[in-house]
Asker: 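Below is the structure I would like to discuss, written out as structure tokens.
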Amino acid sequence: MMSQMPQPTALTKCPICEWPLASDDRFCGACGHDLSTVPAPPEDQPTITMNGTAGTAPDEATPVDWPVASEPSTDTPPPVVRPTDIQGTDSGGGELPGPGRGVRFDRHHEPDEYPLAAPQPPDPRTTDLATPPTGTKLCVACRAGHVDRDGYCENCGHAQPRERDHMELELGAVAAVSDRGLRHHRNEDSFAISSTALPDGSPAVVAIVCDGVSSATRPDDASLAAARAANETVLESLPRGTHPQQAMHDAIVAAASAVNALAEEPETAQEHAPHQNAPACTIVGSVVTPSLLVVGWVGDSRAYWVPVDRSAPPARLTEDDSWAAQMVSAGLMNEAEAYADERAHAITGWLGADAYELEPHTASFKPDRPGVVVVCTDGLWNYAEAAEEMAEAVPLDAAERPLHCAQVLVGRALDGGGHDNVTVAILPFPAPPQGAGSA
């Protein structure tokens, strides 16, 4: 008969998780422990006293008499543990080299505020701004940096306005201001102002204002070419003794030729298809002498007369080449009805290669009192159409401060919405003697 191996005592609870067991369980139903393995002997906690007698087992209900912890001494400070006292190991289990083994707590100091990428611009109210070197411009944003060739500030990087976005010029008693407005992406207006002398030595002041036709090709180039050509022609004609009204007529013809020439340039031919409109613009100009006031125009840019004595009536000196003006002239509509129509600003006359037969309009006046001539594009008169409205907008000291007057009128257009480019020139009448400037 084979000898029998001793059988372990049947377990009633899992020795691992104490889950109740059946007598024939081989594995714990809760934790899966193998019940066939022999459990480790329980930890021996003898109750034998030092004299060899058996002691009494502790009663679980009797509280343990733990020793009272001593109060910390106020004389001895608590031990300080430095980061370098903490031992650390590398990924292989070895000690880290160097005196700073262990966790590092010595992070670099971080400032509360970080400096801006560019320095703050100086306050123009308290700082004396240096004059930029000759040939350079000062940034309009920070007023501290110089503008590079690409049109950006070397100090703050701000893109500068394009030269024609806002232009101001004052020459003695004549001044002009032009602005891109608030809706257009570029300024398609242009102007030219100048002064010269007639053969008898009396002064003559000139202002030319042109408005590029936005639906045409290169309208900004058209207005610029027209203004320059007209101004140059007047300055050549008047000193030779040409009558100012004839000089104005010749100036408009020269301006038309300059705009026509743009249509023949390769830039226009390559950029646009043949069926598109050629470069085009309108023009209005004025020549003021000590006794004569002359205006000339093609299109819907205008000239107004505003007397210094506001008790005298103002007047509009030009008639538009427009659909609305034709309706009024034919008696089909009154002026209010015509200009309320959506076709009102459709022009019937302009300078350009695809224009109808050129018909320059000129007129001469001999005012009996001093005043100012307002020469402007529709970007201004849209906000002061009637002569009375324009007179109300013109400052009372316009004859003495023509540049200020032009600035005020451009501001009126911008405050009104600035839907178009706006350009205005102011000429006091009579023309002051040579060398006399504005007050």
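Numbering of residues begins at 1 and proceeds along the displayed sequence. Remember, it's a predicted structure, so these values are computed and weren't measured experimentally.
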Asker: If I compare all heavy atoms of Ala353 with all of Ala263, which pair ends up nearest, and what's the gap?
Answerer: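 Looks like CB-CB, 3.9 Å.
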
Asker: Using atom types as modelled and distance alone, determine if a side-chain donor or acceptor of Asp397 lies under 3.5 Å from a backbone N or O of Glu400.
Answerer: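 Flag not set: sc Asp397 to bb Glu400 has no pair under 3.5 Å.
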
Asker: If you look at every heavy atom in Thr362 and Met248, which pair is closest and at what distance?
Answerer: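 Answer, listing the atom of Thr362 first, then Met248: CG2-CG, 4.2 Å.
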
Asker: Taking the side chain from Arg218 and the backbone from Ala278, do they hold a donor-acceptor pair closer than 3.5 Å?
Answerer: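 No; zero donor-acceptor contacts below 3.5 Å.
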
Asker: Strictly distance-based, threshold 3.5 Å: is any side-chain N or O of Glu389 a donor or acceptor partner for the main-chain N or O of Ala386?
Answerer: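 Judged by distance alone, yes, a pair lies under 3.5 Å.
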
Asker: Answer yes or no: are there more than 12 heavy-atom neighbours, outside Arg186 itself, under 6.0 Å from its atom CZ?
Answerer: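 Yes, because the 6.0 Å sphere around CZ of Arg186 holds more than 12 heavy atoms from other groups.
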
Asker: What's the spacing between His249 NE2 and Ser237 OG if we round to 0.5 Å?
Answerer: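 Interatomic distance, His249 NE2 to Ser237 OG, rounded to 0.5 Å: 12.0 Å.
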
Asker: Applying side-chain contact (heavy atoms from CB on, under 4.5 Å) to Glu319 and Ser329, what does each step give before you reach the verdict?
Answerer: CA-CA 10 Å; Glu319 292 291 338; Ser329 177; over 6 Å; no

Asker: Side chains of Asn231 and Ser194: is there a donor and an acceptor less than 3.5 Å apart?
Answerer: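 Looking only at side-chain atoms, Ser194 and Asn231 do form a donor-acceptor pair, the distance falling under 3.5 Å.
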
Asker: Quick one, Asn277 and Ser215 - any side-chain contact, counting heavy atoms below 4.5 Å?
Answerer: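 Yes, side chains in contact.
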
Asker: If we only count heavy atoms from C-beta on, is the Val374 to Val424 side-chain gap below 4.5 Å?
Answerer: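 Val374 vs Val424: side chains touch.
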
Asker: Please round to the nearest 0.5 Å and tell me the distance separating atom CG of Asp220 and atom CG of Asn187.
Answerer: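 Nearest 0.5 Å value for the CG-CG distance: 8.5 Å.
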
Asker: Under a 4.5 Å cut-off applied to non-hydrogen side-chain atoms, are Tyr383 and His419 in contact?
Answerer: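 Yes, at least one pair of side-chain atoms sits under 4.5 Å.
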
Asker: Heavy-atom distance under 4.5 Å between the side chains of Thr377 and Asp420, does that happen here?
Answerer: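 When only atoms from C-beta onward are counted, Asp420 and Thr377 do not touch, as no gap falls below 4.5 Å.
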
Asker: Taking all heavy atoms of Arg310 and all of Ala391, pick out the closest pair and write down the distance.
Answerer: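 It is NH1-O, 2.9 Å.
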
Asker: For Val375 and Phe191, run side-chain contact (heavy atoms from CB on, under 4.5 Å): C-alpha distance rounded to whole Å, both residues' side-chain angles, the deciding distance at 0.1 Å, then the answer.
Answerer: CA-CA 10 Å; Val375 182; Phe191 69 82; over 6 Å; no

Asker: Considering all heavy atoms of both residues, which atom of Met333 and which atom of Ala338 are nearest to each other, and what is their separation?
Answerer: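 In this case the closest contact between Met333 and Ala338 is SD-CA, 3.7 Å.
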
Asker: Could you measure the distance from the CZ atom of Arg228 to the OG atom of Ser223? Nearest 0.5 Å is fine.
Answerer: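 One gets 10.0 Å once the value is rounded to the nearest 0.5 Å.
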
Asker: Decide yes or no for Pro244 and Leu238: does some side-chain heavy atom of the first lie under 4.5 Å from some side-chain heavy atom of the second?
Answerer: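 Yes, their side chains come closer than 4.5 Å.
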
Asker: Could you go through the side-chain contact (heavy atoms from CB on, under 4.5 Å) check for Thr423 and Asp211 one step at a time?
Answerer: CA-CA 8 Å; Thr423 302; Asp211 184 357; over 6 Å; no

Asker: Could you tell me the separation between the CG atom of Leu169 and the CG atom of Leu403, rounded to the nearest 0.5 Å?
Answerer: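 It is 8.5 Å, given to the nearest 0.5 Å.
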
Asker: Does the side chain of Val177 come within less than 4.5 Å of His166's, by heavy atoms?
Answerer: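 His166 reaches Val177 side chain to side chain.
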
Asker: Only one of Leu427, Ile426, Val288 passes side chain to side chain contact (heavy atoms under 4.5 Å, CB included) with Val372; say which it is.
Answerer: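 That would be Ile426.
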
Asker: Could you give me the CA-CA distance, side-chain angles and deciding distance for Val422 and Arg412, then say whether side-chain contact (heavy atoms from CB on, under 4.5 Å) is met?
Answerer: CA-CA 10 Å; Val422 53; Arg412 177 187 177 96; over 6 Å; no

Asker: Would you say the side-chain atoms of Ser322 and Asp300 include a donor-acceptor pair closer than 3.5 Å?
Answerer: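 No.
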
Asker: Taking Arg401 for its side chain and Pro395 for its backbone only, find out whether a donor-acceptor pair lies under 3.5 Å.
Answerer: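 It does not hold such a pair.
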
Asker: Using a 4.5 Å cut-off on heavy atoms from C-beta on, say whether the side chain of Leu317 contacts that of Leu293.
Answerer: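 Leu293 vs Leu317: side chains touch.
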
Asker: If I take atom CG from residue Asn155 and atom CG from residue Asp148, how far apart are they, to the nearest 0.5 angstrom?
Answerer: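 It comes to 12.0 Å.
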
Asker: Can you name the closest pair of heavy atoms from Ala393 and Val408 and give their distance?
Answerer: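 Scanning both residues completely, I find the closest heavy atoms to be O-CG1, 4.0 Å.
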
Asker: Please find the pair of heavy atoms, one from Leu351 and one from Ala255, that lie closest to each other, and give the distance.
Answerer: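 Looking at all heavy atoms of both residues, the shortest contact is CD1-CB, 3.8 Å.
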
Asker: Measure from the side-chain N and O atoms of Asn421 to the backbone N and O of Arg180, and report whether any donor-acceptor pair falls under 3.5 Å.
Answerer: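 Yes, the answer is positive, given that a donor and an acceptor are paired below the 3.5 Å cut-off.
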
Asker: Ignoring hydrogens and geometry, is there a side-chain-to-backbone donor-acceptor pair from Thr282 to Cys210 under 3.5 Å?
Answerer: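 Between the backbone of Cys210 and the side chain of Thr282 there is no qualifying donor-acceptor contact (under 3.5 Å).
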
Asker: Measuring from atom CE of Met167 to atom CG of Asp189, what distance do you get when rounded to the nearest 0.5 angstrom?
Answerer: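 Output value for this atom pair is 7.5 Å.
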
Asker: Measure up the Trp381 and Tyr339 rings against each other and bin them: parallel (under 30°), tilted (30 to 60°), perpendicular (over 60°).
Answerer: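 Answer is perpendicular, since the angle exceeds 60°.
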
Asker: Looking at side-chain heavy atoms only, is the closest gap between Asp221 and Pro279 below 4.5 Å?
Answerer: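 Side-chain contact under 4.5 Å: no.
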
